[in-house]
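First comes the structure, then the notes that go with it.
Per chain, numbering begins at 1; letters A, B, ... match sequence-line order.
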Amino acid sequence: MSTGIASRLLAWFDRHGRHDLPWQDTPSCRRTPYRVWISEVMLQQTQVATVIPYFERFVRALPHVRALANASEDEVFALWSGLGYYARARNLHRAARVCVERHGGELPAHFESLVALPGIGRSTAGAILALSRGERFPILDGNVKRVLARHAGVRGWPGARAVEEKLWALAESHTSHERIADYTQAIMDLGAIVCTRTLPRCGECPLSDDCTAFQQGLTAELPQPRPARALPVRNTVMLILRDAQQRVLLQRRGASGVWPGLWSLPESEDLALASNLAAKFAHLNGTHAETLQPFAHAFTHYRLHVQPLLWRGVRMHRAIADTQDLRWCAGGEFAHLGMPAPVRKLLNAIIQDRRAPQGPG
DNA sequence: AAGGCGGGGGA
DNA sequence: TCCCCAGCCTT
């Protein structure tokens with residue numbers, strides 16, 4: 001039986017963790033809440049190696065809360081320039097002014113006041129209190145989410161509410177009762193150095209004995225990526241106008257949009273207007289449409305739902321027959337036309353089965 | 001070329 | 001409440 005993860009993380013941290021980061025205690029500079037705050041906000045979306053020179057420049061120019069509050073926004077942006085996500089810099093600046101107005105020119109010492117400041121959420125507030133004041137608050141940044149999801153075998157995308165709640169609960173329960181600052185740095189370091197997103201170094205990991213992902217060979221599967229975006233859905237009605245000679249009316253698509261220049265079926269955006277449109281192409285002879293099996297076609301950026309409607313035995317309007325972008329087409333001619341795959345499939349299905357035409361599925 | 005990343009803000 | 005976004009970086 002393994003011990004809790006805290007003692008193993010602390011032992012690992014003493015030997016392999018990062019102890020020389022400029023926002024940690026150094027001979028020349030103590031670890032202050034201000035320096036931890038600046039570093040944590042910089043680290044929110046940026047990796048350690050990138051942050052270090054920005055951090056050093058920032059705290060040299062603005063070494064404490066009052067200096068930041070007194071700076072102009074332009075100066076803060078200049079110091080931030082190149083880090084990206086500039087809302088972070090604006091929030092730092094605004095928060096510093098709140099600290100001067102409401103908290104005596106220091107970062108507040110309580111979680112509720114910290115998390116109320118712009119740019120400080122639950123994880124950053126916890127990191128500030130744990131790292132700079134040694135208070136027992138959990139953090140849950142990307143590294144910690146990965147470590148915990150793998151160790152406990154938590155399925156699902158960490159951005160999903162239920163998954164995130166589970167991870168917070170694990171973070172809370174695992175957080176050490178001693179050496180809080182070291183523990184907090186340790187679990188972040190483990191995620192950054194050992195429990196990396198790809199090719200984790202499980203052979204060097206102090207948690208592998210009871211790591212669910214390692215034991216079950218799931219390190220590549222956890223944490224699960226965000227689900228593919230639900231593609232927007234567009235609807236269209238495709239008109240299949242068939243004359244007595246079993247020809248079908250085709251329409252060449254415009255130069256822009258999907259399937260540019262290909263031959264396809266006339267389309268209506270609206271089912272209710274489809275008959276009106278059909279009547280512009282042909283005499284419908286009083287027949288009404290057969291509603292065929294609808295089908296979907298996936299594009300990179302959206303999903304197209306197609307409702308095909310079939311009219312049999314219509315008679316073409318002579319006036320539209322000669323138009324360059326319209327043609328009545330017999331089954332044997334389809335093969336020679338550039339035609340979207342789902343449309344070709346639909347037409348083939350209809351031509352092969354005259355009595356019970358189905359969509360292409 | 002694609003996806004990760006804490007928190008804010010809009011729907 | 002959920003979802004999207006920002007900008008840069010790594011893979």
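Salt bridge status for A:E178 with A:R136: absent, with no side-chain N to carboxylate O gap under 4.0 Å. Using a 4.0 Å cut-off between charged nitrogen and carboxylate oxygen, A:D25 and A:R35 do not count as a salt-bridge pair. Under a 4.0 Å N-O distance rule, the pair A:R179/A:D14 qualifies as a salt bridge.
Spacing between atom CG of A:N91 and atom C1' of C:dC5 amounts to 14 Å, rounded to whole angstrom units. As a whole-Å value, the separation of A:L199 CG from C:dT11 P is 10 Å. We find that CD of A:Q44 is positioned 14 Å from C1' of C:dG7, with the value rounded to whole Å. Between the OH atom of A:Y54 and the C1' atom of C:dC9 there is a distance of 11 Å, given to the nearest Å. Taking atom CG of residue A:L83 and atom P of nucleotide C:dG7, one finds them 12 Å apart after rounding to whole Å.
Nucleotides C:dT11 and B:dG6, compared at atom P, are 16 Å apart to the nearest Å. Spacing between C:dA6 and B:dA11 at atom P, rounded to whole Å, works out to 14 Å.
The residue among A:W168 and A:Q224 whose nearest nucleotide of DNA chain B is located toward the 5' end is A:Q224. If A:Y85 and A:T198 are placed on DNA chain C by their nearest nucleotide, the residue sitting closer to the 5' end is A:Y85.
Near-neighbour residues of DNA chain B inside residues 136-145 of chain A, defined by a heavy atom below 4.0 Å, number-ordered: A:D141, A:G142.
Contact annotation for A:R88: no contact, since no heavy-atom pair falls under 4.0 Å across all strands. Heavy atoms of A:R90 sit nowhere under 4.0 angstrom from any nucleic acid atom. Heavy atoms of A:G159 sit nowhere under 4.0 angstrom from any nucleic acid atom. Residue A:T46 is classed as having no contact, given no heavy-atom separation below 4.0 Å to the nucleic acid.
Here C:dT1 sits opposite B:dA11 as a Watson-Crick or G-U wobble pair (both hydrogen-bonding atom distances under 3.5 Å).
The six-membered or imidazole ring of A:F77 lies away from that of A:H93, with a centre-to-centre distance of 6.0 Å or more. Between A:W80 and A:Y54, the ring center distance fails the sub-6.0 Å criterion.
Remark: the A:T124 side chain and the A:E40 side chain contain no N/O donor-acceptor pair separated by less than 3.5 Å.
A nucleotide of DNA chain B counts as in contact with chain A when one of its atoms lies under 4.0 Å from a heavy atom; the first and last such, 5' to 3', are B:dG4 to B:dG8.
Geometrically, A:R327 engages A:W263 in a cation-pi contact defined by less than 6.0 Å to the ring centre and at most 45° from the axis.
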Could you check A:E221 against A:R155 for salt bridge (Lys or Arg N to Asp or Glu O under 4.0 Å), going step by step and ending with a plain yes or no? CA-CA 9 Å; A:E221 272 60 57; A:R155 303 251 174 191; over 6 Å; no
Given A:L131 and A:F137, is the side chain to side chain contact (heavy atoms under 4.5 Å, CB included) satisfied, shown in steps? CA-CA 9 Å; A:L131 290 169; A:F137 282 90; over 6 Å; no
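Of the listed nucleotides (C:dG7, C:dC4, C:dC9), C:dG7 has the atom at the smallest distance from the side chain of A:Q45.
Note: A:Q246 CD to A:I350 CD1 = 11.5 Å, rounded to the nearest 0.5 Å.
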